[in-house]
Each structure stands twice: as structure tokens, then as C-alpha cells.
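Heads up: the structure comes next, in C-alpha cells.
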Amino acid sequence: DLRQRPDRLLHLLALTARQDGYTIWGVELEARIVGRSLRRRTRPRLVHFLYGDHDVHFSPRVLGRLGVRTVATLYFSVEELERRMPRKRHLRHLDLVLATGRDQQAHLAQFVDPARLGRLPLGVDTGFFRPDPAVAPVPGRLLQVGANRRDLPTLRTAIERLRADGREVSVEFVGCDEAATEFAGLPEVTVRSGLSDEERRLSYRGAEVVVLPLSEGGSSNALNEALACGVPVVATDRPNLVDYADPRCVTLVPPSDPQA
């Protein structure tokens, strides 16, 4: 029980927010920012909450009274915003709310003054994530990166159908420990975690295709990183993701359709 811990006041504040993902760490972060802002000598002019889904709730109103402008970037899909952030009143006290996709932006316009709402697409370091002609892709290698909102059952069925049709495919999962359970008993499946950026880049370069099976909409760093490495992508047709999907290198398929 969180209420029995020594720092129960901070936990109670986190629980009061009714914001899944906003924890004691978010409360402590906001407390430190407010404490610093109370002193003129250390007061910032602007605070950007890079992970606004998790790190901001109480402070924007206080910071606004101190003359500190606040910005938050949100990554939750529309479904997650409703499920994990049922209370959105605190967003009204931010000077600017940044969405990462058009559908997310349109949804947030119900709760935030459009004049304080913008869109900042996800970026990718193309100096680091780039093709390497010296690295040849492994024939038949499919790569799936990340765990959030992944539709693993549909992917498993699709892999089984490919093999039933005589296709020789192997699957590598990076940062998706759940795949070890979902794909148990299926041969030629590798699950890897804790990779460095260099190791993850090598995985992209070694894949023939990156697959992104999604159960909900949302932006995807994995999509951008794969494309930057010159790897084609097959992804579920979901809101926000389509903003980044160039049809020349991304194939979008209907949700929950392994045949596609």
C-alpha cells in the first residue's frame, strides 16, 4: 500500500492527480522546479516538460503566477489519453501543449485552447541512424522494436501463415520482453533487451523488414529509426503513425488482420 510508505505525502499527491504514469518522481520533479523558481536568482524563464504524459500536473498554475512559462510534449495515443489521463484540467494551465500527431492534436483541442496547442513531430538523429552499405540485411529477417501498444498475437499469426506458405523468416524482438511468452515454442525467434544505441542500430541494418503491429494509435520512434536506416516498414494503419508513413517505404495494413 503506497499510503504506508514514509514518503506517503508525495504518493498521496501522485494518487490525487489520477494520472496513470504520474508518480512520486513526477511530484518530486515539479517540487524541485517550483522550489528553484521561488528564488529570483535561479528562476527559469521557461520550463519544458519533455514527457508531459508523466511529469507534470500541479506546477503549471504556480509557475504561471511566478512568471515562468510552461510547455509540455504529450505522446499518449488518443486511447491512452482517455484511459490514463481522465482528468485533463491541468493542461489548461500550460502555456503550450505539444502533440506528436494530427489525431492526438485534434483530440486535445477539446480540452486545451487551440491557441495554446501545437504539433511537434517526432524527430530522429539521421547522423546516427543511417544506412551502412557494409552491413547486408539477413535474408528473411523481420525486426520488431519496442513494447508499447504492440499487437503480438496478430504478429504471431502472421508469422505462422508466412511459414505455412513456405516463406523462410526469422524474427528478432528488441525491447519487447513480452514476446518471449507470446512467441514461446515458435522457432527462429530471438528476444533481446538492454541493447545499446549502437546495437539497436545494427539490428535495424540487419533486418529486411521492420514490423510494427499496433493495438492503438500513436507515434513511433522505431518507425523513424528504421526509415532513417533505410529499412522498409510494415505497420498497422493507426492514427498518428500515418503522419510519418511515407507510402514509398511504409506499407500500412488493417488492424488485427494477420492475412494482410
Side-chain angles (χ1 to χ4, degrees), residues 20-21 23 25 50-55 73-77 79-80 83-84 100-101 104 121-132 135 137-138 140-159 169-236 238-241 243-245 249-253 255-256 258:
D20 183 20
T23 67
W25 312 116
L50 185 58
Y51 299 101
D53 310 288
H54 304 285
D55 293 341
T73 302
L74 303 181
Y75 304 92
F76 280 168
S77 66
E79 297 91 340
E80 283 180 305
R83 184 173 66 249
R84 303 181 65 182
T100 52
Q104 182 196 42
L122 293 181
V124 62
D125 183 355
T126 54
F128 181 82
F129 290 101
R130 64 182 189 274
D132 183 353
V135 179
V138 177
R141 170 68 53 81
L142 306 181
L143 173 66
Q144 202 292 133
V145 178
N148 193 26
R149 304 186 294 267
R150 295 306 192 262
D151 181 6
L152 297 181
T154 296
L155 179 58
R156 173 165 182 146
T157 302
I159 299 301
V169 296
S170 61
V171 190
E172 179 182 357
F173 289 91
V174 171
C176 186
D177 293 340
E178 295 89 340
T181 301
E182 184 63 41
F183 282 75
L186 208 62
E188 297 296 322
V189 173
T190 304
V191 181
R192 306 173 69 196
S193 298
L195 271 62
S196 66
D197 290 343
E198 289 76 14
E199 290 170 325
R200 189 168 80 256
R201 179 179 63 184
L202 186 60
S203 288
Y204 282 122
R205 291 171 172 173
E208 274 204 326
V209 177
V210 167
V211 291
L212 289 175
L214 298 174
S215 57
E216 295 180 357
S219 307
S220 172
N221 283 321
L223 174 66
N224 287 351
E225 291 170 357
L227 296 179
C229 288
V231 186
V233 176
V234 175
T236 310
R238 294 285 189 182
N240 273 28
L241 189 84
D243 297 346
Y244 303 83
C249 44
V250 179
T251 299
L252 296 175
V253 298
S256 305

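Just so it is clear, the values below take in all heavy atoms, side chains as well, and ignore hydrogens, waters and symmetry mates. Predicted model, so just to flag it, every value in this text is computed and none were measured.
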Check: Leu122 and Ser219 side chains under 4.5 Å, non-hydrogen atoms: yes

Whether over 12 other heavy atoms sit under 6.0 Å from Tyr51 OH: no

Check: Gly101 main-chain N/O paired with Asp243 side-chain donor or acceptor under 3.5 Å: no

Non-neighbouring partners of Tyr244 that pass ring-ring contact (aromatic ring centres under 6.0 Å, His included), sequence neighbours left out: none

Pairs meeting criterion side chain to side chain donor-acceptor pair (under 3.5 Å) with involvement of residues 173-190, two or more places apart: Asp177-Ser193

Check: Arg84 side chain, Phe76 main-chain N or O, donor-acceptor pair, under 3.5 Å: no

Polar side-chain atom of Gln104 near backbone of Leu74 as donor-acceptor pair, under 3.5 Å: yes

Thr154 side-chain N/O to Pro258 backbone N/O, donor-acceptor pair under 3.5 Å: no

Set of side chain to side chain contact (heavy atoms under 4.5 Å, CB included) partners for Asn148, sequence neighbours left out: Glu80

With Val174 via side chain to side chain contact (heavy atoms under 4.5 Å, CB included) - residues at least two apart: Leu143, Val145, Glu172, Leu195, Arg200, Ser203

Donor-acceptor under 3.5 Å (Glu199 side chain, Arg201 main chain): no

Pairs where residues 121-130 contributes a residue and the test side chain to side chain donor-acceptor pair (under 3.5 Å) is met, not counting sequence neighbours: none

Student check: side-chain heavy atoms of Pro255 and Arg238 closer than 4.5 Å: yes

Pair Ser170, Arg141: side-chain N/O donor-acceptor within cut-off below 3.5 Å: yes

Which residues share a side-chain hydrogen bond (donor to acceptor under 3.5 Å, both in side chains) with Tyr204, sequence neighbours left out: Glu225

